[in-house]
Student: 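Dropping the structure in here first, questions after.
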Amino acid sequence: MERLDPDKLPRHVAIIMDGNGRWAKRRGLTRIAGHQKGTESVRDIVRTSRELGIKWLTLYAFSEENWKRPSYEVKALMGLLNRYLKSELKEMLDNGIRLACIGQTEKLPPEVQRTLWQTIEETEHNTEMTLTLALSYGGRQEIVRAVKKMLGDIEKGTLQVNRITEERLSEYLYTADTPDPDLLIRTSGEYRISNFLLWQVAYTEIFITPTLWPDFRKERYLEALLDYQKRERRFGTTGEQTIHPE
Ligand code: IPE
Ligand code: IPE
Ligand code: MG
């Protein structure tokens with residue numbers, strides 16, 4: 001396999017981890033077994049990202065819309081999340097990984113919230129990589145929340161309408177201190193965003209693979225990163241301008 005150029009790695013990778021259910025169905029297993037297997041991929045991808053020196057990794061673990069799933073599946077996912085956080089704390093501390101979260105986490109079961117905030121606190125001084133879990137997250141809901149907060153500040157007089165810029169609005173999002181993703185990966189071959197980081201992916205490179213999430217391991221991830229390194233990111237300019245910037 002071709003080698004990755006360490007100087008051209010994405011700063012921020014965001015992943016829509018999809019296909020656990022189909023992975024299980026193909027094997028005659030329950031959807032829950034698919035989610036269980038999926039946590040092994042999470043471990044592998046977090047570890048690989050850290051080894052490569054990727055600074056920001058955001059994983060879509062549970063969407064705002066996922067609350068509509070059968071309650072036993074939601075319960076199982078919450079249990080898995082709780083166990084994952086507990087089992088990974090040591091690895092995070094050993095490897096300088098800081099945990100963060102985005103989304104309406106106040107909707108999570110109290111026990112999961114406790115584990116989550118405890119892990120965030122215990123890892124807050126780590127600086128090698130930030131692992132952000134999107135939990136009860138929806139991009140539209142995030143934008144509505146930002147608008148409300150902005151209106152609140154306008155009422156208080158701490159924000160002037162003519163001072164609202166793209167940068168200013170970004171500061172009101174969950175991702176205020178996070179650079180926009182350079183690469184968005186979606187597993188299981190679905191060509192949609194499913195309400196993930198709507199504002200933030202304006203110029204993100206998108207990589208969609210048919211591989212189902214439980215099968216998405218280091219090898220597949222390196223392929224995605226290699227593909228990313230071959231892209232020419234133009235941000236609206238011409239190809240010539242990208243090659244010879246003024
Ligand atoms: C992704 O796998 C995990 C979550 C959304 C929580 P799915 O559960 O969506 O798997 P499919 O799409 O049904 O195969
Ligand atoms: C997106 O997957 C959400 C997560 C990966 C957490 P879904 O399986 O929920 O998305 P849709 O329903 O296929 O769009
Ligand atoms: Mg799915």
Side-chain angles (χ1 to χ4, degrees), residues 12-46 49 56-85 87-88 99-109 111-113 115-116 131-145 173-175 178 181 183-201 204-217 220-221 224:
H12 181 180
V13 178
I15 307 183
I16 302 176
M17 312 184 287
D18 197 15
N20 293 348
R22 275 161 285 174
W23 183 91
K25 198 172 177 199
R26 282 183 199 173
R27 287 165 177 75
L29 302 170
T30 63
R31 295 180 55 84
I32 314 299
H35 295 313
Q36 243 153 6
K37 197 73 184 166
T39 61
E40 290 176 27
S41 294
V42 174
R43 234 166 250 136
D44 201 42
I45 298 310
V46 170
S49 302
W56 303 83
L57 175 67
T58 300
L59 302 177
Y60 203 4
F62 193 85
S63 75
E64 188 57 34
E65 290 74 26
N66 288 148
W67 290 114
K68 291 185 268 187
R69 293 192 179 196
S71 65
Y72 67 87
E73 181 168 344
V74 170
K75 236 188 199 162
L77 282 166
M78 293 300 144
L80 275 175
L81 172 62
N82 204 26
R83 252 173 292 149
Y84 169 80
L85 290 169
S87 66
E88 294 317 286
L99 184 77
C101 67
I102 56 175
Q104 288 189 283
T105 49
E106 62 278 7
K107 285 194 182 174
L108 300 173
E111 202 202 331
V112 179
Q113 286 188 47
T115 315
L116 180 65
L131 166 64
T132 304
L133 298 181
L135 296 167
S136 190
Y137 174 87
R140 287 187 168 183
Q141 167 263 319
E142 177 183 37
I143 293 169
V144 169
R145 178 178 169 273
L173 300 174
Y174 290 122
T175 49
T178 311
L183 173 64
L184 171 70
I185 299 173
R186 182 167 189 150
T187 58
S188 92
E190 233 63 80
Y191 284 73
R192 54 178 174 261
I193 298 287
S194 300
N195 208 10
F196 191 40
L197 301 175
L198 295 180
W199 170 273
Q200 297 86 340
V201 297
T204 300
E205 295 295 327
I206 300 177
F207 183 88
I208 293 170
T209 168
T211 303
L212 304 174
W213 177 251
D215 291 328
F216 191 81
R217 300 293 165 95
R220 295 279 100 81
Y221 187 32

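We use all heavy atoms of the structure for the numbers below, so side chains are in, but hydrogens, waters and symmetry mates are not. Each ligand, and each atom within it, is numbered from 1 in the order the structure gives.
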Student: Looking only at protein heavy atoms, which one is nearest to atom 9 (O) of ligand 2, and how far off is it?
Tutor: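 Sorting protein heavy atoms by distance from atom 9 (O) of ligand 2 puts N66 ND2, 2.9 Å first.
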Student: Check whether any heavy atom of R31 sits under 4.0 Å from an atom of ligand 1.
Tutor: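 R31 counts as a contact of ligand 1 under the 4.0 Å cut-off.
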Student: Would you tell me which option among R192, E64, E190, E65 has the nearest heavy-atom contact to atom 13 (O) of ligand 2?
Tutor: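 Going through R192, E64, E190, E65 one by one, R192 has the nearest heavy atom to atom 13 (O) of ligand 2.
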Student: Which heavy atom in I185 sits nearest to a heavy atom in A224, and how many Å separate them?
Tutor: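 I185 and A224 have their closest heavy atoms at CD1-CB, 3.9 Å.
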Student: Under 4.0 Å from any heavy atom of I16, which atoms of ligand 2 are there?
Tutor: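 Answer, ordered by atom number: 1 (C), 5 (C).
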Student: So which heavy atom in the protein is nearest atom 6 (C) of ligand 1, and how far is it from that ligand atom?
Tutor: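 Looking only at protein heavy atoms, the one closest to atom 6 (C) of ligand 1 is A61 O, 3.4 Å.
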Student: To which protein heavy atom is atom 2 (O) of ligand 1 closest, and what is the distance rounded to 0.1 Å?
Tutor: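 So the nearest neighbour among protein heavy atoms is N20 N, 3.2 Å.
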Student: Should the pair E64-R140 be classified as a salt bridge under the 4.0 Å nitrogen-to-oxygen rule?
Tutor: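 Judged by the 4.0 Å cut-off on N to carboxylate O distance, E64 and R140 do not form a salt bridge.
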Student: Using a strict 4.0 Å threshold on nitrogen-to-oxygen distance, state whether E142 and R145 make a salt bridge.
Tutor: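 Between R145 and E142 there is no salt bridge, as every charged N stays at least 4.0 Å from the carboxylate O atoms.
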Student: Looking at every heavy atom in both Y60 and A134, which two are closest together, and how far apart are they?
Tutor: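 The pair with the smallest heavy-atom distance is CD1-CB, 3.8 Å.
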Student: Quick one: nearest non-hydrogen protein atom to atom 10 (O) of ligand 1, plus distance?
Tutor: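 Looking only at protein heavy atoms, the one closest to atom 10 (O) of ligand 1 is G21 N, 2.9 Å.
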Student: Which is the closest N/O/S atom of D18 when seen from the Mg ion (ligand 3)?
Tutor: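 Of all N, O or S atoms belonging to D18, OD1 is the one nearest the Mg ion (ligand 3).
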Student: Heavy-atom contacts with S194 under 4.0 Å: which atoms of ligand 2 show up? List them by number with element.
Tutor: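 Going through ligand 2 atom by atom, the ones under 4.0 Å from S194 are 10 (O), 11 (P), 14 (O).
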Student: Does NZ belonging to K107 count more than 12 external heavy atoms closer than 6.0 Å?
Tutor: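 More than 12 within 6.0 Å, yes.
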Student: Is E190 close enough that one of its N/O/S atoms sits under 2.8 Å from the Mg ion (ligand 3)?
Tutor: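 Looking at E190, which is the residue asked about, there is no N, O or S atom under 2.8 Å from the Mg ion (ligand 3).
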Student: Evaluating non-hydrogen atoms only, which member of R69, R26, M17 is closest to atom 5 (C) of ligand 1?
Tutor: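 The option holding the nearest heavy atom is R69.
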Student: Distance under 4.0 Å to a non-hydrogen atom of H35: what atoms of ligand 1 satisfy this?
Tutor: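 So the atoms of ligand 1 that pass are 3 (C), 8 (O).
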Student: Salt bridge or not between D215 and R220? Use side-chain N to carboxylate O under 4.0 Å.
Tutor: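 Salt bridge between D215 and R220, a charged N being under 4.0 Å from a carboxylate O: no.
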Student: Please state which part of F62 comes within less than 4.0 Å of ligand 2, counting heavy atoms only: side chain, backbone, both or neither.
Tutor: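 Backbone only.
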Student: What I want to check is whether the side chains of T39 and R83 have a donor and an acceptor closer together than 3.5 Å.
Tutor: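 Note: T39 and R83 side chains miss the donor-acceptor criterion.
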Student: Who are the ring pair (Phe, Tyr, Trp, His ring centres under 6.0 Å) partners of W67, not counting sequence neighbours?
Tutor: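 W67 satisfies ring pair (Phe, Tyr, Trp, His ring centres under 6.0 Å) with F62 once adjacent residues are dropped.
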Student: Can G19 be said to touch ligand 1, with heavy atoms closer than 4.0 Å?
Tutor: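 Within the 4.0 Å threshold, so yes.
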Student: Does at least one non-hydrogen atom of R186 fall below 4.0 angstrom from an atom of ligand 2?
Tutor: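 A heavy atom of R186 does come that close to ligand 2.
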Student: Say whether L77, considering both its backbone and side-chain N or O atoms, lies within less than 3.5 Å of an N or O atom on ligand 1.
Tutor: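 There is no such contact.
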Student: Atom CG of L57 and atom NE2 of H12: how far apart are they, to the nearest 0.5 Å?
Tutor: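 Spacing of CG (L57) from NE2 (H12) equals 7.0 Å.
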Student: Using a 4.0 Å heavy-atom cut-off, which part of R22 comes near ligand 2: side chain, backbone, both, or neither?
Tutor: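 No part of R22 is near ligand 2 at this cut-off.
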Student: Would you say Q200 and Y174 are linked by a side-chain donor-acceptor pair, where the criterion is simply a distance under 3.5 Å?
Tutor: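 The answer is no; no qualifying pair exists.
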Student: Establish, from distance only, whether the side-chain atoms of S63 and N66 form a donor-acceptor pair under 3.5 Å.
Tutor: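 Their side chains do contain a donor-acceptor pair, which is all the 3.5 Å distance test asks for.
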